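As a basis for the values below, the full set of heavy atoms in this structure was taken, side chains included, without hydrogen atoms, waters or symmetry mates. Note that the coordinates shown come from a computational prediction; the quantities given were computed from them, not determined experimentally. Lettering follows sequence order; numbering is per chain, from 1.
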Amino acid sequence: MSLRIYNTLGRKKETFVPRNPGKVGMYVCGPTTYDLIHLGNARPLVVFDTMRRYLESIGYQVTYVQNFTDIDDKIINRAQERGEDPLALAERYIGEYFTDAAALRVRPATIQPKVSGHLQEIITMIEQLVEKNHAYVVDGDVYFSIPSFPSYGKLSGRAMDDMIAGARVDVDARKGHPMDFALWKAAKPGEPAWPSPWGPGRPGWHIECSAMSEKYLGQQFDIHGGGQDLIFPHHENEIAQSEACSGAENMAKYWLHNGFITINQEKMSKSLGNFFTLRQILAKFPGDVVRYYLLATHYRSPLDFDDTKLATAQRSLQRLRTSRRLLTEALASGQGAPAKEEAIQALQQSVDQAQAGFQAAMDDDFNTALAISHLFDLAKEINVFTQQNQGGGETVLTAAAETFDRLMQVLGLEEVTVDNVKDEQETKLLEGVMALVLRLRAEARQKKDWATADAIRDGLKEVGIVMEDTPQGTRWLKA
RNA sequence: GGCGGCAUAGCCAAGUGGUAAGGCAGAGGUCUGCAAAACCUCUAUUCCCCAGUUCGAAUCUGGGUGCCGCCUCCA
């Protein structure tokens with residue numbers, strides 16, 4: 001089996017063959033940091049983070065670059081509204097971004113470059129484009145000349161003539177071609193500006209990704225990702241800039257694009273006002289639940305959002321967590337009759353199937369939804385085994401635990417143990433209290449004082465602690 | 001107008017030629033003092049509609065309907 005990836009460039013699945021064996025260079029367009037990210041922004045974070053994890057899990061050394069756009073019109077506008085320095089505002093939201101990303105268990109990229117730190121690279125690239133007659137200067141602005149790059153449109157499948165017919169934008173008369181786009185924008189009074197050969201100004205939106213991807217990954221690399229709405233014009237323009245500049249074909253070998261999150265079947269976007277910030281959602285649901293929800297649908301499919309979907313995701317994830325907990329308990333108890341040989345074989349087979357099925361699913365264009373279903377299959381067998389065998393089977397139980405944990409980790413859904421001192425102390429305290437409560441309740445039950453036993457159980461449920469009576473005793477867990 | 005995508009049970013969602021995964025919800029049962037969790041059984045003769053190709057189609061072709069996205073900043 002080998003990994004196959006759907007390539008937007010060509011619109012079909014292709015076998016993944018990196019340019020350099022064993023290594024993957026991956027660039028994903030990151031956020032423009034002028035506000036908190038919303039759920040729609042969260043999808044690519046989780047999706048591409050999961051791809052990266054999978055690539056690493058099958059042995060690739062991945063260089064993952066994700067940029068921050070910290071120089072941009074929206075940032076400038078927002079800063080002016082608030083009377084704040086634009087770069088300071090951008091920096092603040094970069095901080096907020098990391099808080100959200102961590103909640104979603106998104107690992108920091110290998111390199112997270114900012115536009116503000118790459119003006120020199122950007123200016124150099126623009127100079128080269130001007131020199132090669134792919135760009136021209138008008139009153140301190142620099143534009144990329146579309147007609148100078150004949151394959152323009154190859155990613156989005158657009159013909160320039162078609163677009164002119166449907167253009168809804170007022171065309172700047174100074175442009176040589178209506179679709180020409182800005183590489184450098186001259187600063188208006190009061191706007192932040194950087195010196196350049198064409199006068200003070202700032203980079204256009206698209207050039208940053210061309211300059212930074214080349215700096216960190218080279219003129220040609222493996223994977224370039226982003227949301228579907230970036231296909232045109234952003235990625236199309238990136239291709240034009242990079243390939244016109246370098247003369248090399250296919251700056252990225254594989255172009256991957258995630259589908260959109262909709263609300264009531266409508267695209268979630270700030271202009272429609274129908275968005276939820278991730279912060280709002282994280283106030284109601286844990287980050288791992290949001291992550292699970294995002295991975296339970298294939299990354300290219302549209303995903304409709306509402307609260308009930310997250311509640312469903314929470315219950316689904318809970319099922320996996322319960323199963324994993326049963327595994328831990330079975331390994332801890334180790335008492336009683338040895339497990340039956342058939343049962344051991346059945347579980348081992350299930351472990352092997354989960355591993356193979358998971359990999360096959362991920363190999364097919366990162367089919368996380370199918371991969372997750374294999375975890376449920378494994379969970380089912382774990383539940384059957386632990387219910388029917390009291391003790392024994394350490395070897396297979398350990399194998400099940402290892403496989404389960406490893407696969408969950410690829411999805412970024414492994415259980416996280418909090419290891420700061422304060423939490424540790426509180427955990428100890430809680431455990432002490434619960435041991436006492438459990439003992440008192442056990443005494444009540446022994447006396448068949450069901451009223452007291454039930455009052456304790458119901459009362460604890462109110463505060464978020466669930467009690468379950470089992471033949472081996474009562475266990476409790478935070479809901 | 002151009003380009004692209006989607007339509008599978010009550011809900012979510014896999015599935016590109018071989019006879020419908022998985023989750024949630026629901027029904028019945030086992031277990032339990034009662035619960036919870038877990039387990040067992042059941043819940044789409046059918047995949048938007050029509051026609052065609054094929055021994056065979058949710059999967060391919062043609063037509064139709066509905067919905068969505070991009071073409072302007074947007075993940």
Nearest of G33(B), G22(B), C73(B) to any side-chain atom of Lys74(A)?
C73(B)
Check every atom of A38(B), C70(B), C24(B) against the side chain of Leu326(A) and return the nucleotide holding the closest atom.
A38(B)
Quick one: look up who G66(B) pairs with, Watson-Crick or G-U, both distances under 3.5 Å, and put none if it's unpaired.
C6(B)
Would you classify Gly157(A) as touching base, sugar-phosphate or nothing, given that sugar-phosphate means primed atoms plus P, OP1 and OP2, and contacts are heavy atoms under 4.0 Å?
sugar-phosphate
Inter-nucleotide P distance (U46(B), U54(B)), Å rounded:
25 Å
So what does Lys380(A) touch, heavy atoms closer than 4.0 Å: a base, only the sugar-phosphate, or nothing?
sugar-phosphate
Base, sugar-phosphate alone, or nothing: which one does Lys309(A) contact when heavy atoms must sit under 4.0 Å apart?
sugar-phosphate
Can you check the distance between C49(B) and A58(B), where both ends of the measurement are the P atom (answer in whole Å)?
11 Å
Taking any strand in view, what nucleotide pairs with G1(B) in a Watson-Crick or G-U wobble way, both distances under 3.5 Å?
C71(B)
Counting any heavy atom closer than 4.0 Å, what does Ile37(A) reach on the DNA or RNA strands: base, sugar-phosphate only, or nothing?
nothing
With a 4.0 Å limit, can you tell me whether Arg325(A) has a side-chain N or O closer than that to the phosphate oxygens OP1/OP2 of A37(B)?
no
Counting heavy atoms from C-beta on, name the nucleotide in A13(B), G22(B), G33(B) closest to the side chain of Arg441(A).
G33(B)
Base, sugar-phosphate or nothing for Asp458(A)? Non-hydrogen atoms, less than 4.0 Å.
nothing
Does G23(B) have its OP1 or OP2 closer than 4.0 Å to a side-chain nitrogen or oxygen of Arg319(A)?
yes
Sugar-phosphate, base or nothing in reach of His374(A), heavy atoms under 4.0 Å
nothing
Out of A14(B), C39(B), C34(B), minimum distance to the side chain of His298(A) belongs to A14(B)
Euclidean distance for P, C47(B) against G33(B) (whole angstrom):
48 Å
In whole Å, measure the gap between the C1' atoms of C11(B) and G4(B) for me.
28 Å
Output yes if the stacking criterion (under 5.5 Å between centres, under 30° between planes) is met for Trp450(A) over the base of G33(B), else no.
yes
Does a side-chain N or O from Asn383(A) land closer than 4.0 Å to OP1 or OP2 of A38(B), or not?
no
Among Tyr27(A), Phe16(A), Phe221(A), find the residue that satisfies the ring-ring contact (aromatic ring centres under 6.0 Å, His included) test when tested with Tyr254(A).
Phe16(A)
So does Arg92(A) pair up with Glu96(A), basic N to acidic O under 4.0 Å?
no
Touch check for Ser301(A), heavy atoms < 4.0 angstrom, all strands: base, sugar-phosphate only, or nothing?
sugar-phosphate
Partner of U16(B) by Watson-Crick or G-U wobble geometry, both contacts under 3.5 Å, or none?
none
C39(B) - base-pair partner by Watson-Crick or wobble geometry, distances under 3.5 Å:
G29(B)
Quick one: is C31(B) close enough that its OP1 or OP2 comes under 4.0 Å of any side-chain N or O from Thr470(A)?
no
Does the ring centre of Phe285(A) sit less than 6.0 Å away from the ring centre of Tyr293(A)?
no
From the candidates C24(B), G33(B), G69(B), the one with an atom nearest any side-chain atom of Thr312(A) is C24(B)
Let's see if you can work this out: which of A36(B), C39(B), U72(B) has an atom nearest to the side-chain heavy atoms of Val384(A)?
C39(B)
